[in-house]
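Report on the structure given below.
Indexing begins at 1, ligand by ligand and atom by atom, following the structure's order. No experiment lies behind these values; they were computed from the predicted model shown.
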Amino acid sequence: MNASRDAVAAFRREYRTNHIGPHYRGIAHACFTFGIGLSVIAYAVVALQDVRALEWLAVPLTFLYANLSEYFGHRGPMHHPRRGLKLVYERHAGQHHRFFTSDCMALEGVPDLKVVLFPVVMISFFLLCFALPVGLLLGWLASPNVAWLFVATAVAYFLNYEALHLIYHLPESSVLGRLPVVGKLRRLHQLHHDPRLMAHYNFNITYPIGDLLFGTLWRGRGSTRSGSGPGSVDVPTRNTS
Ligand SMILES: [Zn+2]
Ligand SMILES: [Zn+2]
(Lines give C-alpha, C1' and ligand atoms only; values in the text may rest on other atoms or scores of the structure.)
(Ligands and ions follow the chains in the order given, each with its own letter.)
Protein backbone atom coordinates (compact mmCIF):
# COMPACT_ATOMS: atom_id res chain seq x y z
CA MET A 1 0.00 0.00 0.00
CA ASN A 2 1.49 3.38 -1.01
CA ALA A 3 1.37 6.70 0.87
CA SER A 4 -1.69 8.03 -0.96
CA ARG A 5 -3.66 4.85 -0.25
CA ASP A 6 -2.60 5.08 3.40
CA ALA A 7 -3.86 8.67 3.51
CA VAL A 8 -7.22 7.66 2.00
CA ALA A 9 -7.56 4.74 4.44
CA ALA A 10 -6.81 7.06 7.38
CA PHE A 11 -9.29 9.68 6.15
CA ARG A 12 -11.99 7.02 5.64
CA ARG A 13 -11.57 5.82 9.23
CA GLU A 14 -11.77 9.40 10.53
CA TYR A 15 -14.80 10.24 8.33
CA ARG A 16 -16.73 7.12 9.35
CA THR A 17 -16.07 7.82 13.02
CA ASN A 18 -16.96 11.51 12.96
CA HIS A 19 -19.51 11.92 10.15
CA ILE A 20 -21.51 8.69 9.80
CA GLY A 21 -23.77 8.41 12.84
CA PRO A 22 -24.95 5.06 14.22
CA HIS A 23 -28.48 5.77 12.98
CA TYR A 24 -27.47 6.55 9.37
CA ARG A 25 -29.00 4.10 6.89
CA GLY A 26 -27.56 4.28 3.37
CA ILE A 27 -30.39 2.29 1.79
CA ALA A 28 -32.99 4.61 3.36
CA HIS A 29 -31.02 7.61 2.04
CA ALA A 30 -31.00 6.16 -1.51
CA CYS A 31 -34.71 5.21 -1.28
CA PHE A 32 -35.59 8.75 -0.13
CA THR A 33 -33.61 10.35 -2.98
CA PHE A 34 -35.01 8.17 -5.74
CA GLY A 35 -38.47 7.78 -4.17
CA ILE A 36 -39.06 11.54 -3.84
CA GLY A 37 -37.47 12.22 -7.24
CA LEU A 38 -39.52 9.61 -9.12
CA SER A 39 -42.71 10.77 -7.36
CA VAL A 40 -42.11 14.38 -8.46
CA ILE A 41 -41.44 13.23 -12.05
CA ALA A 42 -44.60 11.10 -12.09
CA TYR A 43 -46.69 13.98 -10.70
CA ALA A 44 -45.29 16.37 -13.34
CA VAL A 45 -45.88 13.93 -16.22
CA VAL A 46 -49.47 13.24 -15.15
CA ALA A 47 -50.12 17.00 -14.99
CA LEU A 48 -49.20 17.50 -18.68
CA GLN A 49 -52.11 18.26 -21.00
CA ASP A 50 -52.06 18.32 -24.82
CA VAL A 51 -48.41 19.35 -25.08
CA ARG A 52 -47.74 21.42 -28.20
CA ALA A 53 -44.65 20.80 -30.38
CA LEU A 54 -42.92 23.99 -29.26
CA GLU A 55 -43.46 23.18 -25.58
CA TRP A 56 -41.40 19.98 -25.90
CA LEU A 57 -38.39 22.26 -26.48
CA ALA A 58 -38.41 22.70 -22.70
CA VAL A 59 -36.90 19.21 -22.38
CA PRO A 60 -33.60 19.70 -24.31
CA LEU A 61 -33.25 23.28 -23.04
CA THR A 62 -33.64 22.15 -19.41
CA PHE A 63 -31.19 19.30 -20.05
CA LEU A 64 -28.58 21.74 -21.38
CA TYR A 65 -29.24 24.19 -18.53
CA ALA A 66 -28.84 21.39 -15.97
CA ASN A 67 -25.63 20.19 -17.61
CA LEU A 68 -24.09 23.68 -17.49
CA SER A 69 -25.32 24.20 -13.90
CA GLU A 70 -23.62 20.92 -12.96
CA TYR A 71 -20.45 22.08 -14.74
CA PHE A 72 -20.23 25.56 -13.23
CA GLY A 73 -21.39 24.42 -9.79
CA HIS A 74 -18.66 21.81 -9.73
CA ARG A 75 -15.96 23.97 -11.31
CA GLY A 76 -16.86 26.90 -9.04
CA PRO A 77 -18.06 26.51 -5.43
CA MET A 78 -17.37 22.78 -5.15
CA HIS A 79 -13.65 23.32 -5.83
CA HIS A 80 -13.17 26.96 -4.76
CA PRO A 81 -14.38 28.33 -1.41
CA ARG A 82 -17.02 30.99 -2.03
CA ARG A 83 -18.69 33.23 0.53
CA GLY A 84 -21.86 31.54 1.80
CA LEU A 85 -21.05 28.25 0.07
CA LYS A 86 -18.10 27.05 2.19
CA LEU A 87 -20.08 23.98 3.29
CA VAL A 88 -20.43 22.89 -0.34
CA TYR A 89 -16.66 23.29 -0.82
CA GLU A 90 -15.84 21.47 2.40
CA ARG A 91 -18.18 18.58 1.63
CA HIS A 92 -16.87 18.10 -1.91
CA ALA A 93 -13.19 19.12 -2.03
CA GLY A 94 -12.54 18.50 1.67
CA GLN A 95 -14.42 15.22 2.11
CA HIS A 96 -15.54 13.53 -1.14
CA HIS A 97 -12.15 14.06 -2.84
CA ARG A 98 -10.22 12.83 0.20
CA PHE A 99 -12.47 9.79 0.62
CA PHE A 100 -12.11 8.85 -3.07
CA THR A 101 -8.96 9.37 -5.15
CA SER A 102 -8.19 8.01 -8.62
CA ASP A 103 -6.39 5.08 -6.96
CA CYS A 104 -9.23 4.39 -4.48
CA MET A 105 -12.53 4.98 -6.27
CA ALA A 106 -14.74 2.34 -4.68
CA LEU A 107 -16.89 2.63 -1.58
CA GLU A 108 -16.50 -0.20 0.92
CA GLY A 109 -19.97 -0.62 2.38
CA VAL A 110 -23.52 0.73 2.42
CA PRO A 111 -22.77 3.46 5.05
CA ASP A 112 -20.26 4.98 2.61
CA LEU A 113 -23.28 6.12 0.55
CA LYS A 114 -23.23 9.14 2.89
CA VAL A 115 -20.18 10.55 1.11
CA VAL A 116 -21.57 9.91 -2.40
CA LEU A 117 -25.26 10.88 -2.34
CA PHE A 118 -26.41 14.46 -1.80
CA PRO A 119 -27.63 15.04 1.78
CA VAL A 120 -31.42 14.94 2.22
CA VAL A 121 -31.42 18.56 3.37
CA MET A 122 -29.71 19.65 0.12
CA ILE A 123 -32.27 17.75 -1.97
CA SER A 124 -35.10 19.49 -0.12
CA PHE A 125 -33.28 22.80 -0.67
CA PHE A 126 -32.91 21.99 -4.41
CA LEU A 127 -36.64 21.20 -4.77
CA LEU A 128 -37.97 24.10 -2.71
CA CYS A 129 -35.53 26.85 -3.67
CA PHE A 130 -34.76 25.91 -7.28
CA ALA A 131 -37.25 23.59 -9.02
CA LEU A 132 -40.40 25.08 -7.43
CA PRO A 133 -39.80 28.84 -8.02
CA VAL A 134 -38.36 28.38 -11.53
CA GLY A 135 -41.27 26.05 -12.36
CA LEU A 136 -43.76 28.65 -11.07
CA LEU A 137 -42.02 31.39 -13.06
CA LEU A 138 -42.10 29.30 -16.26
CA GLY A 139 -45.76 28.47 -15.64
CA TRP A 140 -46.49 32.20 -15.47
CA LEU A 141 -44.20 33.31 -18.34
CA ALA A 142 -44.76 30.39 -20.74
CA SER A 143 -47.36 27.72 -19.91
CA PRO A 144 -48.12 25.09 -17.25
CA ASN A 145 -46.88 22.38 -19.65
CA VAL A 146 -43.49 24.09 -19.96
CA ALA A 147 -43.30 24.34 -16.17
CA TRP A 148 -44.08 20.64 -15.65
CA LEU A 149 -41.65 19.61 -18.41
CA PHE A 150 -38.97 21.72 -16.73
CA VAL A 151 -39.61 20.13 -13.32
CA ALA A 152 -39.71 16.57 -14.72
CA THR A 153 -36.52 17.03 -16.79
CA ALA A 154 -34.58 18.81 -14.02
CA VAL A 155 -35.43 16.15 -11.42
CA ALA A 156 -34.73 13.32 -13.91
CA TYR A 157 -31.35 14.93 -14.63
CA PHE A 158 -30.59 15.10 -10.91
CA LEU A 159 -31.49 11.41 -10.42
CA ASN A 160 -29.34 10.53 -13.44
CA TYR A 161 -26.47 12.46 -11.81
CA GLU A 162 -26.90 10.62 -8.51
CA ALA A 163 -27.17 7.20 -10.19
CA LEU A 164 -24.13 7.69 -12.43
CA HIS A 165 -22.00 9.12 -9.63
CA LEU A 166 -22.94 6.20 -7.39
CA ILE A 167 -22.05 3.70 -10.15
CA TYR A 168 -18.64 5.39 -10.62
CA HIS A 169 -17.91 4.72 -6.94
CA LEU A 170 -19.04 1.08 -6.89
CA PRO A 171 -16.30 -1.59 -6.88
CA GLU A 172 -14.42 -2.02 -10.20
CA SER A 173 -16.04 -5.42 -10.66
CA SER A 174 -19.57 -3.97 -10.73
CA VAL A 175 -21.49 -4.85 -13.91
CA LEU A 176 -23.08 -1.38 -14.08
CA GLY A 177 -19.70 0.36 -14.08
CA ARG A 178 -18.57 -1.71 -17.04
CA LEU A 179 -21.46 -0.84 -19.36
CA PRO A 180 -19.91 0.68 -22.52
CA VAL A 181 -20.93 4.34 -22.15
CA VAL A 182 -20.96 4.26 -18.33
CA GLY A 183 -17.43 2.81 -18.32
CA LYS A 184 -16.15 5.74 -20.42
CA LEU A 185 -17.90 8.31 -18.20
CA ARG A 186 -16.57 6.54 -15.10
CA ARG A 187 -13.04 6.85 -16.47
CA LEU A 188 -13.47 10.63 -16.91
CA HIS A 189 -14.62 10.91 -13.28
CA GLN A 190 -11.72 8.77 -12.12
CA LEU A 191 -9.33 11.19 -13.84
CA HIS A 192 -11.12 14.06 -12.07
CA HIS A 193 -10.41 12.33 -8.75
CA ASP A 194 -6.65 12.60 -9.32
CA PRO A 195 -5.67 15.38 -6.86
CA ARG A 196 -3.45 16.94 -9.55
CA LEU A 197 -6.40 17.25 -11.95
CA MET A 198 -9.46 17.80 -9.79
CA ALA A 199 -9.44 21.61 -9.86
CA HIS A 200 -8.78 21.76 -13.61
CA TYR A 201 -10.51 18.99 -15.61
CA ASN A 202 -13.67 16.90 -16.06
CA PHE A 203 -16.19 18.91 -14.07
CA ASN A 204 -19.24 17.27 -15.64
CA ILE A 205 -20.26 14.24 -13.59
CA THR A 206 -22.75 13.09 -16.22
CA TYR A 207 -22.17 13.98 -19.89
CA PRO A 208 -19.10 16.12 -20.68
CA ILE A 209 -20.92 18.85 -22.63
CA GLY A 210 -19.66 21.72 -20.44
CA ASP A 211 -16.14 20.28 -20.44
CA LEU A 212 -16.20 20.09 -24.26
CA LEU A 213 -17.55 23.63 -24.60
CA PHE A 214 -15.05 25.19 -22.19
CA GLY A 215 -11.92 23.14 -22.98
CA THR A 216 -11.63 21.24 -19.70
CA LEU A 217 -12.16 17.69 -20.95
CA TRP A 218 -9.24 15.34 -20.19
CA ARG A 219 -9.49 11.76 -21.40
CA GLY A 220 -6.05 10.60 -20.19
CA ARG A 221 -3.46 9.16 -22.50
CA GLY A 222 -5.33 5.97 -23.22
CA SER A 223 -3.54 3.53 -20.96
CA THR A 224 -2.29 3.12 -17.43
CA ARG A 225 1.46 3.15 -16.85
CA SER A 226 2.87 -0.33 -16.59
CA GLY A 227 3.43 -1.53 -13.07
CA SER A 228 1.58 1.34 -11.47
CA GLY A 229 -1.76 -0.40 -10.92
CA PRO A 230 -5.23 -0.23 -12.46
CA GLY A 231 -6.17 3.02 -10.78
CA SER A 232 -3.24 5.08 -12.03
CA VAL A 233 -3.80 7.96 -14.41
CA ASP A 234 -1.65 10.09 -16.68
CA VAL A 235 -1.78 13.84 -16.21
CA PRO A 236 -1.57 16.52 -18.88
CA THR A 237 1.57 18.65 -18.96
CA ARG A 238 -0.30 21.95 -19.00
CA ASN A 239 -2.26 23.80 -16.37
CA THR A 240 -2.09 21.32 -13.50
CA SER A 241 -0.38 23.47 -10.90
ZN1 LIG B 1 -16.83 11.29 -7.15
ZN1 LIG C 1 -14.74 17.41 -7.84
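Seen from the Zn ion (ligand 2), atom NE2 on His192 and atom NE2 on His92 lie at an angle near 160° (rounded to 10 degrees). For His79 atom NE2 and His74 atom NE2, the angle they make at the Zn ion (ligand 2) is roughly 100°, to 10 degrees. Rounding to 10°, one obtains 90° for the angle at the Zn ion (ligand 1) between NE2 (His193) and NE2 (His189).
The residue from His74, His192, Met78, His193 that alone fulfils the side chain to side chain contact (heavy atoms under 4.5 Å, CB included) condition with Met198 is His192.
Shortest distance from the Zn ion (ligand 1) to His169 is reached at NE2 (N/O/S atoms only).
Counting backbone and side-chain atoms alike, His97 contributes no N/O/S atom closer than 2.8 Å to the Zn ion (ligand 1).
Looking at Leu188 and Tyr201, their side chains never come closer than 4.5 Å, going by heavy atoms from C-beta outward.
Counting only distance, with no hydrogens or angles, the side chain of Tyr24 and the backbone of Lys114 share a donor-acceptor pair below 3.5 Å.
If you check the side chains of Asp112 and Tyr15, you find no donor sitting under 3.5 Å from an acceptor.
Ring planes of His96 and His169: perpendicular class, angle over 60° (limits at 30 and 60°).
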